[in-house]
Amino acid sequence: MRKSIAIYPGSFDPITLGHTDIAQRATGLVERVYLAVSAGQHTAFSLEERTRLARASLVHCEAVEVVEFDCLVVELARRLHAHFLVRGLRAVSDFDFEFQLAAVNRELMPELETLFLMPAQRYIFLSSSIVRELAAHGGDVSAYVSAPVQQALAARRASL
Ligand code: ADP
């Protein structure tokens, strides 16, 4: 059987063009990518809104399906029969945490291989928190998020 399913988990609070860049790169490697939005807590946007914005940002990407989850990533991977766990790697700051996470996930599910993908250069320093900060101060975020996310940020500006 071909290894053809990947999950790409995260909080996506909100989804940025850095995230969509990674998801699209993953579709070049596998047949199906599940972009999995974690339920989590203490997020600026609700789970429902984060999921809606992820779907709206990826409408053109047929190989990506947006799902929600509220369990361990490895449990979700088992449920979706995923072979790969995709994570994005930005500047060196991501490495330490991502390395630990990959090691723990390997302990929990050895057959799930973590794939680290690097975004386009213009997104290498981009994060959801920077986008929220920019938007909160009325900055132009159009180069970093899709139009629906831009609208959602503008509507929520006072509470970001
Ligand atoms: P988490 O809540 O797990 O920190 P995020 O929603 O921030 O997750 O991001 C999910 C994944 O996407 C992580 O692997 C993160 O490193 C990656 N990521 C976030 N922003 C970017 C970006 N600009 N370029 C590449 N990868 C990114």
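We're numbering straight along the sequence, starting at 1. All values derive from a computational prediction rather than experimental measurement. Order of listing sets the numbers, starting from 1, for every ligand and every atom in it.
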Exercise. Out of Gly88, Ser38, Ala36, indicate the one that has the non-hydrogen atom closest to atom 16 (O) of ligand 1.
Key: Gly88
Quiz item: Do Val30 and His83 touch side chain to side chain, with heavy atoms closer than 4.5 Å?
Solution: no
Self-check item: Note, Phe12 side chain near Thr43 side chain (heavy atom, < 4.5 Å)
Solution: no
Exercise. Could you tell me whether Asp13 and Arg132 make a salt bridge, using a distance below 4.0 angstrom between a side-chain N and a carboxylate O?
Key: yes
Practice problem: Show which atoms of ligand 1 fall inside a sub-4.0 Å distance from at least one heavy-atom site of Ile22. | Solution: 25 (C), 26 (N)
Quiz prompt | Those atoms of ligand 1 less than 4.0 Å from some heavy atom in Gly10 | solution = 6 (O), 8 (O), 10 (C)
Quiz item: Can you find a heavy atom in the side chain of Arg79 that is under 4.5 Å from one in the side chain of Cys71?
Solution: yes
Practice problem: For residues Val145 and Leu53, determine if any side-chain heavy atom of one lies less than 4.5 Å from a side-chain heavy atom of the other. | Solution: no
Quiz item: Touching ligand 1 at all, Phe125? Heavy atoms, strictly under 4.0 Å?
Solution: no
Self-check item: Polar side-chain atom of Arg50 near backbone of Glu68 as donor-acceptor pair, under 3.5 Å
Solution: no
Exercise. Return yes when Glu98 approaches ligand 1 closer than 4.0 angstrom through a heavy atom, no otherwise.
Key: yes
Quiz item: Hey, does Tyr123 come in under 3.5 Å of ligand 1, counting only N/O atoms on both sides?
Solution: yes
Exercise. Give the residue, atom name and distance (to 0.1 Å) of the protein heavy atom nearest atom 7 (O) of ligand 1.
Key: His19 NE2, 3.9 Å
Quiz prompt | Part of Pro9 within contact of ligand 1 (heavy atoms, under 4.0 Å) | solution = backbone
Self-check item: Within-4.5 Å side-chain heavy-atom neighbours: Arg157 and His137
Solution: no
Quiz item: Are any non-hydrogen side-chain atoms of Leu29 and Val86 less than 4.5 angstrom apart?
Solution: no
Quiz prompt | Nearest-contact summary for atom 12 (O) of ligand 1 - protein heavy atom, Å | solution = Tyr8 OH, 2.7 Å
Exercise. May I ask you to identify, for Asp94, whether its side chain, its backbone, both or neither come under 4.0 Å of ligand 1 on a heavy-atom basis?
Key: side chain
Exercise. State whether the shortest distance between N or O atoms of Arg90 and N or O atoms of ligand 1 falls below 3.5 angstrom.
Key: yes
Quiz item: Near Arg106 CZ, under 6.0 Å, is it more than 12 heavy atoms from other residues, nucleotides or ligands?
Solution: no
Self-check item: Note, Tyr123 side chain near Thr16 side chain (heavy atom, < 4.5 Å)
Solution: no
Quiz prompt | Option whose closest heavy atom lies nearest to atom 2 (O) of ligand 1, chosen from Pro119, Ser127, Ser11 | solution = Ser11
Self-check item: Heavy atom of the protein closest to atom 4 (O) of ligand 1 (residue, atom name, distance)
Solution: Arg87 NH2, 4.4 Å
Exercise. Return a yes/no value for Phe12: is any of its N or O atoms, backbone included, closer than 3.5 angstrom to an N or O of ligand 1?
Key: yes
Quiz item: So, is Thr16 polar-close to ligand 1, with some N/O to N/O distance under 3.5 Å?
Solution: no
